[in-house]
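One structure below.
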Amino acid sequence: MRVLVVDDEPSMVTSLRRGLEAEGYAVDVCFDGEDGLWRATEFDYDVVVLDIMLPKLNGFVVATRLRDAGREVPILMLTAKDGELDQAEALDCGADDFLSKPFSYPVLLARLRALIRRGSSHRRSLPVVGDLRVDIAARRCWRGDVEVQLTARELAVLDYLLHRTGEVVAKQELLRHVWADDERVTINAVEVVVGYLRRKIDRPFGRHSVETVRGGGYRLAADGG
Amino acid sequence: MAVSGWGQHLSPVRVRITVLASLVVGAALVVAALAAVVLLRDGLVRSVAGTGPRRAAEIAAQAQAGPLPDPLLPLDTPRLTFLQVLDEHGRVLDASAPLRSLGPLTAPGHSASDVRSEIDGLPPGDWLVEPTAAVVAGRPATVVVVTNLAELTRPVTLLTGLLLVGLPLLIGVVALVAWVLVGRALRPVEAMRIEVAGIRGGQLERRVPVVSSADEVGRLARTLNDMLDRLEASDERQRHFVSDASHELRTPIANMRTALEVGEGAMSPADWPLVSADLLTQVHRMQALVDDLLLLARIDDGLPRAAHQLVDLAALVRASAAEQVGGPIAVTVVEPVPDASVRGDADQLRRVLVNLLGNGVRHARSRVRVSLSATASAWELAVDDDGPGIALEDRERIFERFVRLDEHRARGGGGVGLGLAIVRRTVTAHGGTVVVADGGLAAGARLIVRLPRP
């Protein structure tokens, strides 16, 4: 999953980047509202973490303009200011969720996951497709009762496909959402990882859940293959 | 709006004014009434006082001309006055009809008047008996004029009766009118009192109703509303301050918490130096902020009693400038520096200089200039930088709390916006002023602090 963090506190940004990358996210950062708005408008993100007190444009304005531009990406807003008024305004501007600083980092992770789920067809925290089960928080995966050991990257790809179960996901899209910008990789990397994934979750079980769609994409079969 | 019934009716002011008004008007009326009655009686009595001699003269003239007329009095005289004419021996010569059978009413030669309460043949009541000497038919005689005082003073009786009834009524009316008017005047005051009594912390937007804006009550209402305006504004400022302060305090705490929580899951020993450096930065930041906030709170309470020492301003200036040596910005002190000293708190004044110089250095392109000079009554400290300067509309704003002009700067470099607020509060507490002026370096900012000379 690809996340955009917009916050002007270098310390917070560094911590979040480190933490989110360890969770398997591809992370982009911006330090002011203008930059954040541009990035979120230009590129696809699975979720945006947006601080309110930003230089140039504050978080409310960024969220409003993002919605006005038709970008539906889930937004989690952060603030260190008091008050229910901030919370109400955040939600009114188009944010999907709101956290007060200082916040609990595990809670932030859970809320991000929830927001990402909301953008997809899955509602439960353990996405299940057929007998394929993924617990993204614990980074575990099962086919039936058998646990499958996946690398972070493989898990990330599977998770993304899971959220788009039944839909065709272009290789480019997987590249954008699972790899960070500064990782200079090509489509080939995507193909390689999908290959490994199949070898782990499909082949041993005689299943074909990850389908190749001609025209350059993959699809996770709706019934788990 | 409901006004407490009995409490308002028996308001001491109302009772007092009504009683006072009634007493004063009552006393005046009573005095006037008495005077009127006395004067009227007197006047009436006096009006007949001259009758005696006049009548006597008439009779004399008559007798001169011929016999005394019969009746002795012209018929059109009301039954007020009767005459008796006595000869020099006191024998009755002639008298008005009712008196014909009476003996002489006075002794001859007796000329004093007196009042008799009963005279035979005449209706009961007071009669004024006035003898006057005269010459009738060439012989000395006495003309006695008898006047019906009771009849004469009937108007007085009438008046007295009227006053006895009318005065209490009048006083009653006065009392009623006073009661009603005072009540009417006081009602808005009570309404105001109730409104203000009901205003609690969260309701400072309420105002007192202004009914009649021209009179004292209206002025009171407007003054109360002005005060409520000021209270609301002050409350608003306070709330902003608390909100800003809470934001500035929570941010470094949030940074530290997230750094540590992320570290719990995703940190290797190699990461620790960076993380610990970051944590330390946040701690310093919080410490500086807490110090600033406490300082502001302390200044707001007034200068501590012990802090009225003589502070060497010149030395402070040199020391603060020296601290900046070695940095990227050149800080120069303009010579000569006068031997300036002021009365106050050395630590706080040092803080003023640190903040001013720090601000200058933060905004300067390459240099900051500090100068100290004397005016007639004060020391003038000027700090100039060659940075972008301060726009006219910001020149007062920058002294407010948590105001930062350069939003673009990363948080780590700049302060939270309390530096100049502290400068202003400290300088004010020391009896001085701090303003932004023109005339810095290039187009840069110029801040001038004036402190009174001891």
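Just so it is clear, the structure is predicted and the values come from calculations on it, not from any experiment. Just so it is clear: chains get the letters A, B, ... in the order the sequence lines come, proteins before strands, and each one is counted from 1.
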> Does the side chain of Arg250(B) come within less than 4.5 Å of Thr79(A)'s, by heavy atoms?
Replying inline: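 Not in contact.
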> So which of Met12(A), Glu21(A), Lys101(A) has the largest heavy-atom pair count under 4.5 angstrom toward chain B?
Replying inline: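 Top option by heavy-atom pairs under 4.5 Å: Met12(A).
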>> Heavy-atom pairs under 4.5 Å with chain B: which of Ala22(A), Gly19(A), Ser11(A) has the most?
In response: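 That would be Ser11(A).
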> When you measure from the side chain of Arg257(B) to the backbone N and O of Phe103(A), does any donor-acceptor pair fall under 3.5 Å?
Replying inline: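 Yes: the side chain of Arg257(B) pairs with the backbone of Phe103(A).
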So, taking the atom named [atom1] in [X] and the one named [atom2] in [Y], what distance separates them when rounded to the nearest 0.5 Å?
X         : Y         : atom1 : atom2 : answer
Asp278(B) : Glu9(A)   : CG    : CD    : 9.5 Å
Asp7(A)   : Asn255(B) : CG    : CG    : 7.5 Å
Thr258(B) : Leu108(A) : OG1   : CG    : 7.5 Å

> What are the two closest heavy atoms between Glu261(B) and Pro106(A), and how far apart are they?
Replying inline: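 It is OE1-CD, 3.8 Å.
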[X] [atom1]: over 12 foreign heavy atoms closer than 6.0 Å:
X         : atom1 : value
Arg395(B) : CZ    : yes
Asp145(A) : CG    : no
Tyr196(A) : OH    : no

>> Using the rule given for side chain to side chain contact (heavy atoms under 4.5 Å, CB included), can you reason through Met53(A) versus Thr251(B), listing the C-alpha separation, both sets of side-chain angles and the distance that settles it, and then say yes or no?
In response: CA-CA 10 Å; Met53(A) 298 298 287; Thr251(B) 302; over 6 Å; no
>> Report which part of Gln282(B) has an atom under 4.5 Å of a heavy atom belonging to chain A: side chain, backbone, both, or neither.
In response: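 Side chain of Gln282(B) only, per the 4.5 Å heavy-atom cut-off to chain A.
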> Checking heavy atoms, do the side chain of Ser104(A), its backbone, both or neither come under 4.5 Å from chain B?
Replying inline: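 Both parts, backbone and side chain.
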